[in-house]
2 protein chains.
Amino acid sequence: MAVHVLAVLAYKEGDRVTSAMLAGSVNTNPVIVRRLLLSLQRARLVETRKGAGSGSRLSRSPGRINLAEVYRAVEAVEPFASPARKANTACPVGHCIRKTLNQVFASAENALERDLEKTTLAGVIGMIKASCPGAAKKAG
Amino acid sequence: MAVHVLAVLAYKEGDRVTSAMLAGSVNTNPVIVRRLLLSLQRARLVETRKGAGSGSRLSRSPGRINLAEVYRAVEAVEPFASPARKANTACPVGHCIRKTLNQVFASAENALERDLEKTTLAGVIGMIKASCPGAAKKAG
DNA sequence: ACAAATGTAATCTTTACGGTTACTAATTAA
DNA sequence: TTAATTAGTAACCGTAAAGATTACATTTGT
């Protein structure tokens, strides 16, 4: 969803867009969008102003925002499940596996982010326009 | 959890291990382990037999099972959230973004799996033994 | 002052995952 | 052949996370 919102903002080329409009595109509720925008603000990806006639816009050009930044901004939980209960420390494997898996998963997540870094928001917009002839220029 | 179970099986070097024993190491319920083992069986990573004195073991040597296979065997949902509701097709971005994001996410997931491929179960066991002096050889 | 937006809290629903119990089916061992 | 052991599986519960919704305070522009 984060990428969707940011893509709309990129599409609007710096115009301020309200959470209600963004919610309309994502087909969700403005409050959901605002909560997401808070995360994106913290990551310095968007700028938001309150008040009449305001809204949000990208804080950088779409070519200078890559999807790894977006991923990190909204990443809620680890992509790999950690068991709810602690492993049995009486078992030698259970006792020591956590540290090992953390290493392996950190490496995998790093590989994921390296790949996401290759795509910018501008790239996403380009792909959308290429794959969808109708998406010419700013509409609703 | 899947990696944990497989690590125990690798640690036991081909001995058959019951779901109750595996559950003991992971500190969970045998039924949970059995459900997981079904996925691993479908992926031809473990062999399981019923009956007294039976249980599960790896169907290949630990050096020939990598974590990408494990990931694919137990992968339940897409790692990237898809919105519950469909995007608003009246918005040009909403209309066409899904296909684009699927491409990007497929690439990212591929990068993830390429990285996981680099680690085998034997590697995991080696890391555990290295990081944890107590994990010498088969205990409980 | 008023209208338009965001920030934010409270609550509800849905979904996924793990946990638990209970039962059936298969296989081994005595 | 009988009994014990073990996996397969269904049914149901509890919990946690994400989104959905409503409501309200706060800020800002006209």
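Lettering of chains follows the sequences in order, A, B, ..., and the numbering in each one begins at 1. Computed from heavy atoms alone, side chains included, the values below leave out hydrogens, waters and symmetry copies.
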Chemist: So does Arg34(B) get a side-chain nitrogen or oxygen closer than 4.0 Å to the phosphate oxygens (OP1/OP2) of dA7(D)?
Modeler: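 Result: yes.
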
Chemist: Using whole Å, what does the distance between atom C1' of nucleotide dA20(D) and atom CG of Asn29(A) come to?
Modeler: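 Between C1' of dA20(D) and CG of Asn29(A): 6 Å.
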
Chemist: Return the minimal non-hydrogen interatomic distance between Ala23(A) and Asn29(A), and the atom names on each side.
Modeler: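 Closest approach of Ala23(A) to Asn29(A): CB-C, 3.7 Å.
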
Chemist: Considering every strand and a 4.0 Å limit on heavy-atom distances, what is the contact class for Leu37(B): base, sugar-phosphate, or nothing?
Modeler: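 No contact at all - Leu37(B) keeps every heavy atom at 4.0 Å or more from the nucleic acid.
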
Chemist: dG8(D), dA22(C), dG7(C): which one has an atom nearest the side-chain heavy atoms of Lys50(B)?
Modeler: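 Ranking dG8(D), dA22(C), dG7(C) by closest atom to the Lys50(B) side chain puts dG8(D) first.
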
Chemist: Can you tell me if CZ on Arg72(A) sees more than 12 non-hydrogen neighbours from other groups inside 6.0 Å?
Modeler: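 Buried by this count: over 12 neighbours within 6.0 Å.
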
Chemist: Heavy atoms only: give me the nearest Val46(A)-Leu37(A) pair and the separation to one decimal.
Modeler: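 Nearest heavy atoms, Val46(A) then Leu37(A): CG2-O, 4.0 Å.
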
Chemist: Would you kindly give the CG-to-C1' distance between Leu36(B) and dG8(D), to the nearest whole Å?
Modeler: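 From Leu36(B) CG to dG8(D) C1': 14 Å.
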
Chemist: With DNA chain C as reference, determine whether Ala52(A) or Leu38(A) sits nearer its 5' end, using the nearest nucleotide of each.
Modeler: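 Residue closer to the 5' terminus by nearest nucleotide: Ala52(A).
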
Chemist: Could you tell me how far apart Glu47(B) (CD) and dT6(D) (C1') are, to the nearest whole angstrom?
Modeler: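 Rounding to the nearest Å, CD of Glu47(B) and C1' of dT6(D) are 17 Å apart.
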
Chemist: Over how many whole Å does the gap from Leu40(B) atom CG to dG8(D) atom P extend?
Modeler: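 Answer to the nearest Å: 11 Å.
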
Chemist: Quick check: are there more than 12 heavy atoms from other residues, nucleotides or ligands sitting under 6.0 Å from CZ of Arg60(B)?
Modeler: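 It does: Arg60(B) CZ has more than 12 such atoms within range.
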
Chemist: What does Arg35(A) touch in the nucleic acid at a heavy-atom separation under 4.0 angstrom: a base, only the sugar-phosphate, or nothing?
Modeler: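 If one applies the 4.0 Å heavy-atom cut-off, Arg35(A) turns out to touch a base.
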
Chemist: Does dA7(D) have OP1 or OP2 under 4.0 Å away from a side-chain N or O of Ser19(B)?
Modeler: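 Yes, Ser19(B) has a side-chain N/O under 4.0 Å of OP1/OP2 on dA7(D).
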
Chemist: What is the separation between atom CG on Asn27(B) and atom P on dT20(C), rounded to the nearest whole Å?
Modeler: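 Checked: the CG to P distance equals 10 Å.
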
Chemist: Between dT22(D), dG19(C), dA7(D), which nucleotide has the shortest distance from any of its atoms to the side chain of Ile32(B)?
Modeler: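 When the side chain of Ile32(B) is considered, dG19(C) is the closest of dT22(D), dG19(C), dA7(D).
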
Chemist: Taking only side-chain N and O atoms of Gln41(B), does any of them lie within less than 4.0 angstrom of OP1 or OP2 on dG8(D)?
Modeler: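 Indeed, a polar side-chain atom of Gln41(B) lies that close.
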
Chemist: Out of dA10(D), dG19(C), dG7(C), which nucleotide sits closest to the side chain of Thr48(A)?
Modeler: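 Taking heavy atoms from C-beta onward, the closest nucleotide is dG7(C).
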
Chemist: Examine the side chains of Asp115(B) and Ser107(A) and answer whether a donor and an acceptor come within less than 3.5 Å of each other.
Modeler: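 Looking only at side-chain atoms, Ser107(A) and Asp115(B) do form a donor-acceptor pair, the distance falling under 3.5 Å.
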
